[in-house]
Amino acid sequence: MSQQASPRGTFLKIADVVRAQIEDNKDMTELPSAAELMRDHGVSRGVALRVFGALQKEGIAEPVPGGRWRVVRRGESIDRRPLAERLADVITDDELSVGAAFPSASALSARFNVSRPTVSKALDKLQAAGLVSEGKQGKQRTVLALPGEESVKP
């Protein structure tokens, strides 16, 4: 990319390039990282972040907590609820009962395509709500209550 000032805005030109990549590759699910944009286009981090903002404004991309920006395609249904709510659904979706082993943070990280620290924070919320037991190294979490129940079962 040229170091000259662009009348249209360098970030908009890069956004056009990324938009074309998304349109050409139907399997593309994540945007390039800020570091990749910086390297490939010779721009600053601020310009790379403005690219993400422009694509988000167009409804083409959205940020993922603990991860890269996600490509949003027209007509695509994405569950945008907080991760803790989606993890609580695992209990009913997987037909887990009280006392059953809850999936590990690694398994949930892969299942929901988010980082393990992000999963750990959401699991802490489920623990605080009394749905799952405390997770300790070497000890798997278990289901303490089913979503929607008022009290925690022993």
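In this chain, residues are counted from 1 in sequence order. If you're wondering where the values come from, they're calculated on a predicted model, not measured in any experiment.
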- Task: Determine, stepwise, if the pair R19 / D16 fulfils salt bridge (charged side-chain N to carboxylate O under 4.0 Å, His left out).
- Result: CA-CA 5 Å; R19 187 180 316 98; D16 290 342; 2.6 Å; yes
- Query: Taking atom NZ of K26 and atom CD1 of I22, what is their separation to the nearest 0.5 Å?
  - Reply: 10.0 Å
- Query: Of the non-hydrogen atoms in L12 and A54, which two are nearest, and what is the gap between them?
  - Reply: CD2-CB, 4.3 Å
- Task: Could you tell me the separation between the CE atom of M38 and the CG atom of L49, rounded to the nearest 0.5 Å?
- Result: 8.5 Å
- Side chain to side chain, P103 and V90, heavy atoms closer than 4.5 Å: yes
- Message: Before you tell me yes or no, could you show the steps for H41 and V17 under side-chain contact (heavy atoms from CB on, under 4.5 Å), namely the whole-Å CA-CA distance, both residues' side-chain angles and the distance that decides it to 0.1 Å?
- Response: CA-CA 10 Å; H41 299 281; V17 170; 4.1 Å; yes
- Short question: side chain of S120, backbone of R116 - any donor-acceptor pair under 3.5 Å? yes
- Rounded to the nearest 0.5 Å, how far apart are CZ of R73 and CD1 of I60? 10.0 Å
- Residue pair F102 / L108, side-chain heavy-atom distance below 4.5 Å: yes
- Under 4.5 Å between any side-chain heavy atoms of P82 and K125, yes or no? no
- Note on the structure: So CZ of R68 and OG of S33: to nearest 0.5 Å the spacing works out to 4.5 Å
- Task: May I ask you to test the F112-V119 pair for a side-chain heavy-atom distance under 4.5 Å?
- Result: no
- Can you name the residues that form a side chain to side chain donor-acceptor pair (under 3.5 Å) with T142, not counting sequence neighbours? S133
- Item | Student check: side-chain heavy atoms of D124 and Q127 closer than 4.5 Å | yes
- Query: How far does CD of E23 sit from CE of M28, to the nearest 0.5 angstrom?
  - Reply: 11.0 Å
